[in-house]
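We count ligands from 1, going down the list as the structure has it; atoms in each ligand are counted the same way.
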Amino acid sequence: MGAGIAEVFGRAGLQVVAVEVDEPLVAAGRARIEASLDRAVGRGRLEAAERDAILRRTTFTSDRGALAAADLVVEAVPERLDVKAALFDELDRICAPTAILATNTSSLPVTQIAAATGRPGRLVGMHFFNPAPVMRLV
Ligand SMILES: NC(=O)c1ccc[n+]([C@@H]2O[C@H](COP(=O)([O-])OP(=O)(O)OC[C@H]3O[C@@H](n4cnc5c(N)ncnc54)[C@H](O)[C@@H]3O)[C@@H](O)[C@H]2O)c1
């Protein structure tokens, strides 16, 4: 889901920071987005120049510190409250106080996830459908 969500934001013209847990997974995530964009180009739904522009404005990294300047952070880590809570606790310290933190959870209570941050009023549920680049519903 994370690759699909990053692609959606990139295709919408935004600067994107795509974060994975380690370098091999960063490379795999990048390859996934490239393959999806290439398919769109092959089907005539995306200009090749726009694919290149999307990849230029997307930063692929395993460094969560790169999220310090983000206005919006969407998590798509495994569907476990402890994993999401640990991530949001870290994001709370990394991100600007004005940043909005969003969870892509399918079933966990958003209020419980929000309680893991010092900014429960700035944590939202933002549930994408799979595959995110195809499904327009959020
Ligand atoms: N798959 C779907 O159809 C779908 C649809 C909507 C929402 N969701 C939700 O999106 C979230 C992710 O689902 P998915 O299907 O993409 O799962 P996935 O297992 O395919 O991906 C999980 C991601 O989290 C990373 N990860 C693994 N362990 C981690 C850890 N300890 N800390 C941080 N990151 C870690 C993985 O590298 C991977 O990028 C879940 O909350 C799920 O409920 C999934």
Side-chain angles (χ1 to χ4, degrees):
M1 288 303 291
I5 293 166
E7 182 183 333
V8 166
F9 286 134
R11 289 176 76 158
L14 299 173
Q15 296 279 344
V16 178
V17 180
V19 183
E20 256 290 10
V21 292
D22 59 28
E23 289 306 319
L25 286 170
V26 170
R30 184 187 173 108
R32 197 172 182 140
I33 291 175
E34 285 176 348
S36 176
L37 293 173
D38 285 345
R39 274 197 304 277
V41 171
R43 289 176 184 152
R45 293 187 183 142
L46 186 70
E47 295 293 328
E50 180 56 13
R51 171 199 56 203
D52 297 345
I54 291 165
L55 291 171
R56 271 197 306 276
R57 59 179 177 255
T58 303
T59 301
F60 297 89
T61 182
S62 60
D63 174 16
R64 291 180 183 165
L67 297 168
D71 296 315
L72 169 69
V73 180
V74 183
E75 74 70 21
V77 302
E79 187 73 337
R80 280 180 40 195
L81 186 58
D82 60 334
V83 174
K84 291 186 189 291
L87 175 64
F88 279 118
D89 177 52
E90 191 179 341
L91 289 175
D92 202 20
R93 284 177 272 121
I94 292 170
C95 299
T98 49
I100 292 172
L101 306 181
T103 173
N104 188 49
T105 183
S106 300
S107 59
L108 298 170
V110 175
T111 45
Q112 275 187 33
I113 298 172
T117 76
R119 61 177 88 186
R122 297 190 79 77
L123 190 136
V124 297
M126 192 180 285
H127 180 262
F128 288 78
F129 288 75
N130 193 16
V134 176
M135 303 292 284
R136 296 182 67 84
L137 182 64
V138 173

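- Side-chain contact between Met126 and Leu72: present, with at least one pair of heavy atoms (C-beta onward) separated by less than 4.5 Å.
- Ionic pairing of Asp52 and Arg56 is not present here: no N-O contact between side-chain nitrogen and carboxylate oxygen is shorter than 4.0 angstrom.
- Annotation: ligand 1 has protein neighbours Met1, Glu20, Val21, Leu25, Arg64, Ala76, Val77, Pro78, Glu79, Val83, Lys84, Asn104, Thr105, Ser106, His127, Phe128, Asn130, each with a heavy atom less than 4.0 angstrom from the ligand.
- No side-chain heavy atom of Arg30 sits under 4.5 Å from any side-chain heavy atom of Thr58.
- Using a 4.5 Å cut-off on side-chain heavy atoms (C-beta onward), Thr117 and Leu91 make no contact.
- Ion pairing between a basic and an acidic side chain is recognised when a charged N comes within 4.0 Å of a carboxylate O; Glu50 and Arg57 show such pairing.
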Only pairs under 3.5 Å count here: list side-chain donor-acceptor contacts from residues 37-44, not counting sequence neighbours, and write none if there are none.
unit_1: Asp38; atom_1: OD1; unit_2: Arg51; atom_2: NH1; d: 2.9

